[in-house]
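All heavy atoms count here, side chains included; hydrogens, waters and symmetry mates do not. Just so you know, residue 1 is the first one in the sequence shown, and it goes up from there.
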Amino acid sequence: MERRTIGAAALAVGAVGLGCMPMSWAYSGSRQRGDESVRAVHRALDLGSTLLDTADMYGPFTNELLLGRVLKERREDAFVSTKVGLLVGEQHIVANGRPGYVRRACDASLRRLQTDVIDLYQLHREDPEVPVEETWGAMADLVRAGKVRALGLCAMGARGGRRSGTRLHDATIRQLRRVQQVFPVSAVEAELSVWSREAMETLLPWCAERGIGFLAAMPLGNGFLTGTLTPGQGFEPDDVRARHPRFTAEMMAANQPVVSGLRRVAARHGESVTPAQVALAWVLAQGPHVVPVPGAKRERWVTENAAATDLRLTARDLTELAELPAALGSWD
């Protein structure tokens, strides 16, 4: 698989990563099977999808434990990205950016992952009660201690703090400028897909200008862009899409033209090419510093996603994808 580099540290990873959250959190609990997910991780590593993206809150904790089963055997094959800064309660999620907590959380993640170093440690969310410089400073200390190789920041919560008249990622860029004064940012993780392109406005070019890697979260639109979901099919109560405005039967039907466009492009490249692969190839085409991180928990989907690196979109394809209608329905 093609390799791409993340940040000034020039950390090399496979061009398509593996989002591990669906294996143990947020999606269809009845379909989460540990042994099957472990096989999927092994398959990803076999194919060169080396970046494994997790977080201590996924589960919570069970996702890191699952990856630890693989890393115990194949640590040298993997690039491990995990996150800190969020705590999961019974009915809520709260931020914790206190330096003491960051240090304890890192040690706990290392134990669960069965490794002595985390390749990329990401701040999941800023704690509004702690200056972000303090949190980032504690994370930088972990790099100096040899427990972490590089630091990243997640921008996926930007919508909630958006103010009238501002662009989506303006607040994220302000935050990045602040933490850059403390310790270099190697990667930013934010949503990017053919139906969610806001990062292209400011955040993506900001990262490119500074040699910062961009991890594209939700590049398959929570599964919608695969073309495998049917409007009105329903979701299990514990699935985040059951409460998501874009996954009502009405909005799924209204957004079918987006999937149809992906199918048209896929058809030009052969019967075996899928809408999901076109969607991932589009993300890959947004810059050499961009690494899509599609979530998957089955070997079949991991294999399909990895093959997107072999798909080269033409100028006609890119023009057609650029002209797809904007997605309907709020994403909040």
Side-chain angles (χ1 to χ4, degrees), residues 2-20 45 48-58 63-64 67-68 71 74-86 97 99 102-103 105-110 112-126 132-156 172-173 175-190 192 199 203-204 206-217 287-293:
E2 173 196 349
R3 305 275 280 180
R4 295 193 168 189
T5 56
I6 292 179
L11 302 168
V13 299
V16 172
L18 174 61
C20 299
L45 296 178
S49 290
T50 55
L51 192 155
L52 308 178
D53 188 60
T54 184
D56 55 3
M57 73 169 290
Y58 297 162
N63 203 239
E64 288 186 332
L67 286 187
L71 296 175
R74 303 187 62 176
R75 181 62 183 91
E76 293 184 359
D77 298 331
F79 182 97
V80 181
S81 170
T82 193
K83 307 177 189 73
V84 67
L86 287 179
V102 169
R103 290 189 288 270
C106 179
D107 288 340
S109 287
L110 288 168
R112 288 188 291 267
L113 292 165
Q114 300 197 52
T115 185
D116 58 0
V117 64
I118 293 164
D119 295 304
L120 180 67
Y121 204 36
Q122 299 196 74
L123 178 58
H124 218 154
R125 296 291 185 274
E126 178 184 5
V132 70
E133 291 87 351
E134 292 185 17
T135 304
W136 199 256
M139 295 171 69
D141 288 341
L142 297 170
V143 178
R144 299 183 188 103
K147 296 180 179 182
V148 171
R149 289 199 173 101
L151 302 183
L153 185 141
C154 293
M156 291 155 57
T172 298
I173 291 175
Q175 185 184 62
L176 284 164
R177 288 183 177 133
R178 290 171 62 187
V179 300
Q180 280 278 60
Q181 300 302 311
V182 178
F183 194 86
V185 179
S186 289
V188 173
E189 183 164 347
L192 178 63
L203 186 58
L204 196 61
W206 193 92
C207 291
E209 290 168 4
R210 291 158 179 80
I212 295 173
F214 188 96
L215 308 187
H289 64 305
V290 179
V291 177
V293 188

Roughly how far, to the nearest 0.5 Å, is CD1 of Ile6 from OG of Ser81? 7.5 Å
Given side-chain contact (heavy atoms from CB on, under 4.5 Å), test Asp107 with Lys147 step by step and report yes or no. CA-CA 8 Å; Asp107 288 340; Lys147 296 180 179 182; 2.8 Å; yes
Hey, could you give me the CG/CD distance between Leu204 and Glu209, rounded to the nearest 0.5 Å? 10.0 Å
Rounded to the nearest 0.5 Å, what separation is found between the CG atom of Leu52 and the CG atom of Leu45? 5.0 Å
If I take atom CG from residue Asp56 and atom OG1 from residue Thr82, how far apart are they, to the nearest 0.5 angstrom? 5.5 Å
Only pairs under 3.5 Å count here: list side-chain donor-acceptor contacts from residues 177-187, not counting sequence neighbours, and write none if there are none.
unit_1	atom_1	unit_2	atom_2	d
Arg178	NE	Glu133	OE2	2.8
Arg178	NH2	Glu133	OE1	2.8
Arg178	NH2	Glu133	OE2	3.4
Gln180	OE1	Val185	N	2.7

To the nearest 0.5 angstrom, please state how far the CG atom of Leu18 sits from the OG1 atom of Thr54. 10.0 Å
So Val291 and Val13, side-chain contact (heavy atoms from CB on, under 4.5 Å) or not? Walk me through it. CA-CA 8 Å; Val291 177; Val13 299; 4.0 Å; yes
Which of Ile118, Val148, Val117 passes side chain to side chain contact (heavy atoms under 4.5 Å, CB included) with Val143? Answer is Val148
Identify the heavy atoms of Ala138 and Arg103 that sit nearest to each other, and give their distance. CB-NH1, 4.5 Å
Check whether any side-chain heavy atom of Arg4 lies under 4.5 Å from a side-chain heavy atom of Val290, and answer yes or no. yes
Looking at every heavy atom in both Gly152 and Met139, which two are closest together, and how far apart are they? O-CE, 4.3 Å
Quick one: are Thr135 and Val84 in side-chain contact, heavy atoms under 4.5 Å? no
Heavy atoms only: give me the nearest Gly68-Gln114 pair and the separation to one decimal. O-NE2, 3.5 Å
Check against side-chain contact (heavy atoms from CB on, under 4.5 Å), Val102 and Leu123: CA-CA 10 Å; Val102 169; Leu123 178 58; over 6 Å; no
Of Leu110, Leu113, Thr115, the residue whose pairing with Val80 passes side chain to side chain contact (heavy atoms under 4.5 Å, CB included): Leu113
Without swapping roles, check the side chain of Thr50 against the backbone of Gly14 for a donor-acceptor pair under 3.5 Å. yes
Give the minimum heavy-atom separation between Ala55 and His124, together with the two atoms involved. CB-CE1, 3.7 Å
Would you sort out whether Tyr121 and Cys106 count as a side-chain contact (heavy atoms from CB on, under 4.5 Å), showing the intermediate values? CA-CA 9 Å; Tyr121 204 36; Cys106 179; 3.6 Å; yes
CD1 (Ile173) and CG (Leu203) are apart, to the nearest 0.5 Å, by 5.5 Å
Identify the heavy atoms of Leu11 and Ala150 that sit nearest to each other, and give their distance. CD1-CB, 3.5 Å
Nearest heavy atoms of Ala15 and Pro292, plus distance in Å: O-CD, 3.2 Å
Suppose we screen for salt bridge (Lys or Arg N to Asp or Glu O under 4.0 Å). Which residues come up paired with Asp53, at least two apart in sequence or across chains? Lys83
